[in-house]
Every structure is written in structure tokens, then in C-alpha cells.
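Residue numbers start at 1 and run along the sequence shown. All values reported here derive from a predicted model rather than from experimental measurement.
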Amino acid sequence: MSTTLILGIGNTLLSDEGVGIHIIDHLRATHPSSPDITLLDGGTLSFTLAGPIAEHDNLIVIDAARLDGTPGTLRTFVGEAMDRYLGGNRQSVHEVGLGDLLDIARLSGTYPEQRALIRIQPGSLDWGEQLTPPVTAAVDAAAEAVLRLHADWQ
């Protein structure tokens, strides 16, 4: 049985920027825990996340991103599509970029066999602890996408 790290990233003090964390909280509240899934609040990313990434076979990352869509738009990048997306998108508001963490995994021989990035278009990045209504409406779909990916990889 392979293991999957589900990593929500973002800042919950900046409204929709925290959507990844809100989805991790939603999954914790609505789905039973499983020994093959780890749900992790990755905050705004740091090098300390290299360890949990290395300890799992698969990785699913959930984050807010400008997708040139309407607020709540969801896009999933799987495998090489994720690699290409991150390779062309080195800008990050976080201390460490996701690409940096995956570079560490590559160099240490722990690159996730299966990987996916789920991005949600924010509506607001202003101060606030609540998601905007369109992004709140995307939470269930994002959680279902996470669970579907994990099931496909088993």
C-alpha cells in the first residue's frame, strides 16, 4: 500500500490565500482517517516540509493561485503537468517555493512517484479569516478531487 501526503498550503489570515488549509480542515472533518493518507497544514511553506514529502510515496498539494479564471475556478496538474507548471512558475509569496521543496526531493532521491497540484483561483487576498463565497463553493469539489487522485494511485 502506498502512502499519500496531502499538503494544504497558504495563509489563513489572508482570506482565499488560505484555501489549501481550509480544504485540509474540511477533509479532517468529513472523512475518516486512514493509515495511507497524511493530511498536513503546510502553512506558507518551509524547508521543514522536505521530511514529510520524503516519507510518502505520493504527494497532493492544494493552494490558491491566479489561474486567469473566475474566483473558485479549480485546476489540477498531475505528474509531468505539475512539473511543467512549477518549472514555469517560480514566483511565490511564500518563504520557500513548492518547486524548491521538490528540487530537494529530486536531489535526495525521494521525489514523489505520483504527484498532483490542485490550484484554486482566489477572489480576495485581503485580511480576513473566511473564504469568499465562490471559493467556499469550490471546497467540496477540491476535496473530492484529492480523494479521487489518492484512490486512483492505490
Side-chain angles (χ1 to χ4, degrees), residues 2-31 33-34 36-69 71-123 125 131 135-136 138-154:
S2 65
T3 59
T4 301
L5 174 62
I6 302 170
L7 179 63
I9 55 178
N11 184 336
T12 56
L13 298 176
L14 296 176
S15 190
D16 293 340
E17 161 62 18
V19 68
I21 311 304
H22 287 279
I23 292 168
I24 292 296
D25 292 342
H26 174 78
L27 286 165
R28 282 187 180 132
T30 59
H31 294 85
S33 64
S34 173
D36 57 337
I37 293 177
T38 301
L39 300 171
L40 183 61
D41 172 344
T44 57
L45 293 174
S46 80
F47 286 116
T48 62
L49 295 171
I53 290 171
E55 295 166 0
H56 293 80
D57 304 302
N58 310 312
L59 173 67
I60 300 171
V61 179
I62 313 157
D63 192 15
R66 289 189 178 93
L67 301 171
D68 297 325
T73 297
L74 183 138
R75 288 193 49 206
T76 302
F77 303 86
V78 180
E80 290 180 10
M82 176 181 173
D83 299 341
R84 283 189 303 275
Y85 179 85
L86 291 175
N89 185 17
R90 299 300 276 180
Q91 296 179 5
S92 176
V93 298
H94 306 300
E95 167 193 347
V96 175
L98 180 58
D100 298 322
L101 286 169
L102 292 176
D103 286 344
I104 291 169
R106 253 188 223 98
L107 292 170
S108 66
T110 59
Y111 199 67
E113 180 180 336
Q114 303 285 341
R115 60 207 169 278
L117 176 61
I118 297 174
R119 310 287 326 247
I120 297 126
Q121 171 72 45
L125 300 176
L131 298 175
V135 174
T136 297
V139 167
D140 282 335
E144 288 174 22
V146 164
L147 296 172
R148 192 170 38 256
L149 282 165
H150 171 71
D152 289 348
W153 295 342
Q154 293 305 302

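Within the structure, salt bridge (Lys or Arg N to Asp or Glu O under 4.0 Å) pairs that include any residue of residues 44-61 do not occur (at least two apart or interchain).
With sequence neighbours left out, the side chain to side chain contact (heavy atoms under 4.5 Å, CB included) criterion links Leu14 to Asn11, Glu17, Trp127. Shown here are the salt bridge (charged side-chain N to carboxylate O under 4.0 Å, His left out) partners of Arg75, two or more places apart in sequence or in another chain: there are none. By the side chain to side chain donor-acceptor pair (under 3.5 Å) test, Thr73 pairs with Thr70, sequence neighbours left out. The side chain to side chain donor-acceptor pair (under 3.5 Å) check on Thr136 picks up nothing, with sequence neighbours excluded.
In this structure, CD1 on Ile60 lies 7.5 Å from CD1 on Ile37, to the nearest 0.5 angstrom. Here the straight-line distance linking atom CG of Leu13 with atom CG of Leu125 works out to 12.5 Å at 0.5 Å rounding. Summarising the geometry, atom CG belonging to Leu49 is positioned 6.0 Å from atom CG belonging to Leu40; distances are rounded to the nearest 0.5 Å. Put simply, CD1 on Ile6 and CG on Asn58 are 10.0 Å apart, with the number rounded to the nearest 0.5 Å. The distance from atom CG of Leu5 to atom CD1 of Ile53, rounded to the nearest 0.5 Å, is 6.5 Å. Atom CG of Leu45 sits about 9.0 Å away from atom CG of Asp100, to the nearest 0.5 Å.
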Show every donor-acceptor pair shorter than 3.5 Å between a side-chain atom in residues 141-154 and any protein atom, with sequence neighbours excluded, or say none if there are none.
| unit_1 | atom_1 | unit_2 | atom_2 | d |
| --- | --- | --- | --- | --- |
| His150 | ND1 | Thr4 | OG1 | 2.8 |
| His150 | NE2 | Asp36 | OD2 | 3.0 |
| Trp153 | NE1 | Gln114 | OE1 | 3.3 |
| Gln154 | NE2 | Ser2 | O | 3.4 |
| Gln154 | NE2 | Ser2 | OG | 3.0 |

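Looking at Asp16 and His22, their side chains never bring a donor and an acceptor atom within 3.5 Å of each other.
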| request: For the pair Met82 and Leu102, evaluate side chain to side chain contact (heavy atoms under 4.5 Å, CB included) and give the outcome as yes or no after the intermediate values. | output: CA-CA 11 Å; Met82 176 181 173; Leu102 292 176; 3.6 Å; yes
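At least one side-chain heavy atom of Leu74 sits less than 4.5 Å from a side-chain heavy atom of Ile118.
Here the rule is side chain to side chain contact (heavy atoms under 4.5 Å, CB included) with Ile62, and of Leu7, Ile120, Ile9 only Ile120 fits it.
Nearest heavy atoms, Gly10 versus Ile21: O-CG1, 3.8 Å. The minimum heavy-atom distance linking Arg119 with Leu67 is given by the pair O-CD1, 3.6 Å. Heavy atoms only, all atoms of each residue included: Val135 and Gly123 are closest at CG2-N, 3.9 Å. Closest non-hydrogen pair, Ala65 versus Pro122, comes out as O-CD, 3.2 Å. Smallest separation of non-hydrogen atoms from Ala138 and Gly72: CB-O, 3.4 Å.
Atom CZ of Arg66 has 12 or fewer neighbouring heavy atoms from other residues, nucleotides or ligands inside a 6.0 Å radius.
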